[in-house]
Number of protein chains: 2
Amino acid sequence: MDRDLAEHSADILKAVAHPIRLQIIELLKKEEMCVGDIVHELGEKQAITSQQLNIMKNKGILACRREGAKVFYRIENKNVIKVLACVYDHCKAETRSKK
Amino acid sequence: MDRDLAEHSADILKAVAHPIRLQIIELLKKEEMCVGDIVHELGEKQAITSQQLNIMKNKGILACRREGAKVFYRIENKNVIKVLACVYDHCKAETRSKK
DNA sequence: TTAATATATTACTATATTGCAATAATACTA
DNA sequence: TAGTATTATTGCAATATAGTAATATATTAA
């Protein structure tokens with residue numbers, strides 16, 4: 001594997017490798033949501049949520065549109081959904097085997 | 001998604017989200033390898049490589065066995081291969097669309 | 001036992017990330 | 001325009017991660 005691909009892939013992975021960010025992606029899988037609703041769903045503080053959204057927007061994972069005072073975020077990179085499905089499968093399998 | 005799954009998944013993702021670690025996994029996809037050969041293939045320093053191997057071993061991604069003076073590492077968690085395949089697909093698609 | 005090879009660990013510095021509080025900016029509404 | 005709701009940004013302290021050099025450990029061979 002070439003170094004550039006490794007760097008770039010690591011970058012994408014880091015961009016989602018955070019509990020709050022994963023939960024945000026999970027929420028947005030169904031439909032776009034505004035920041036306030038995401039904050040409410042997660043029970044996290046507004047500033048933190050906004051920061052995590054921004055991180056993912058910068059990496060091209062999310063995109064957003066403003067509608068009046070609200071900003072709606074959506075998943076821009078549908079591929080991350082597949083990636084995360086693999087991760088969750090893995091984690092669930094691991095949990096089962098530990099019983 | 002429950003918080004525990006998010007925490008655990010983020011942990012796994014963080015464990016692979018590093019260029020050297022990705023390259024190690026890529027090497028081990030084909031076959032198990034000893035540390036020296038991995039160091040040689042990657043052109044990284046011995047200490048760094050050993051550290052990265054250890055990180056992934058602790059997270060259950062890799063496993064190893066000693067054979068004399070050498071230690072052979074292998075992928076313990078075959079699922080990460082699928083996860084990374086998704087990531088690479090994504091990165092390649094992205095590269096193409098930027099052309 | 002000594003030397004050489006292979007791998008792991010430690011201590012340290014530098015850098016990055018996280019979470020927080022406060023505040024700024026934006027866009028509605030009265 | 002003033003006030004309010006919504007979202008973004010900034011500055012900071014705490015923590016985590018990365019990279020390095022030096023050293024330790026384990027195994028084999030002489």
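Residue numbering restarts at 1 for every chain, and letters A, B, ... go by the order of the sequence lines.
The backbone N or O of A:Gln46 sits nowhere less than 3.5 Å from a side-chain atom of A:Ser50 that would complete a donor-acceptor pair.
Regarding B:Glu67, its CD atom lies at a distance of 14 Å from the P atom of C:dA6, rounded to whole Å. Between A:Met33 atom CE and D:dT6 atom C1' the separation is 15 Å, expressed in whole Å. As rounded to whole Å, 13 Å separates atom C1' of C:dT18 from atom CD of B:Glu7. Atom NZ of B:Lys70 is separated from atom C1' of D:dA29 by 14 Å (rounded to the nearest Å). Note: CG (A:Leu42) to C1' (C:dG19) measures 15 Å, nearest angstrom. Between the P atom of C:dA22 and the CD1 atom of A:Ile48 lies a distance of 14 Å, rounded to the nearest Å. Rounded to whole Å, atom P of D:dA18 lies 12 Å from atom CD1 of B:Ile24. For B:Lys57 and C:dT9, the NZ to P distance is 7 Å, given to the nearest whole Å.
A continuous path of Ile, Leu, Val, Met, Phe, Trp and Tyr side chains, each step under 4.5 Å between heavy atoms, connects B:Val87 with B:Leu27, placing both in one hydrophobic cluster.
Within 4.0 Å (heavy atoms only), A:Phe72 reaches no atom of the nucleic acid at all. At the heavy-atom level, A:Gln52 lies under 4.0 Å from the strands shown only through sugar-phosphate atoms.
Of the candidate nucleotides D:dA18, D:dT7, C:dT18, C:dT18 has the atom nearest to the side chain of A:His18. Checking C:dA8, C:dA21, D:dT7 against every side-chain atom of A:Lys45, the shortest atom distance belongs to C:dA21. Side-chain atoms of A:Gln51 lie closest to D:dG11 of the nucleotides D:dA8, D:dG11, C:dT9. Distances from the side chain of B:Cys34 to the nucleotides C:dT17, C:dT7, D:dA8 place C:dT7 closest. Distance from the side chain of B:Arg21 is smallest to D:dA18 among D:dT7, D:dA22, D:dA18. Listed candidates were C:dT9, C:dA27, C:dT17. Nearest to the side chain of A:Arg66 is C:dA27. In this structure, the nucleotide among C:dA6, D:dA8, D:dA18 sitting nearest to the side chain of B:Ile55 is D:dA18. Taking only side-chain atoms of B:Lys14, from C-beta outward, the nucleotide of D:dA8, C:dA6, D:dT17 with the closest atom is D:dT17. Candidate nucleotides C:dT7, D:dT9, C:dG19 were compared by shortest atom distance to the side chain of B:Val35, and C:dT7 ranks first. For B:Gln46, counting side-chain heavy atoms from C-beta on, the closest listed nucleotide (C:dA21, D:dT20, C:dT7) is C:dT7.
A pairwise comparison of heavy atoms in B:Leu28 and B:Tyr73 identifies CD2-O, 3.5 Å as the closest pair.
Atom CG of B:Asp37 is separated from atom CD of B:Glu31 by 9.0 Å, given to the nearest 0.5 angstrom. Interatomic distance, B:Ile81 CD1 to B:Ile75 CD1, rounded to the nearest 0.5 Å: 4.0 Å.
A salt bridge between B:Arg3 and A:Glu44 is present, with a side-chain N of the basic residue lying under 4.0 Å from a carboxylate O of the acidic one.
Heavy-atom distances to DNA chain C give each of A:Ala47 and A:Gly68 a nearest nucleotide, and the one nearer the 5′ end belongs to A:Ala47.
Residue B:Tyr73 places at least one side-chain N or O closer than 4.0 Å to OP1 or OP2 of C:dA8.
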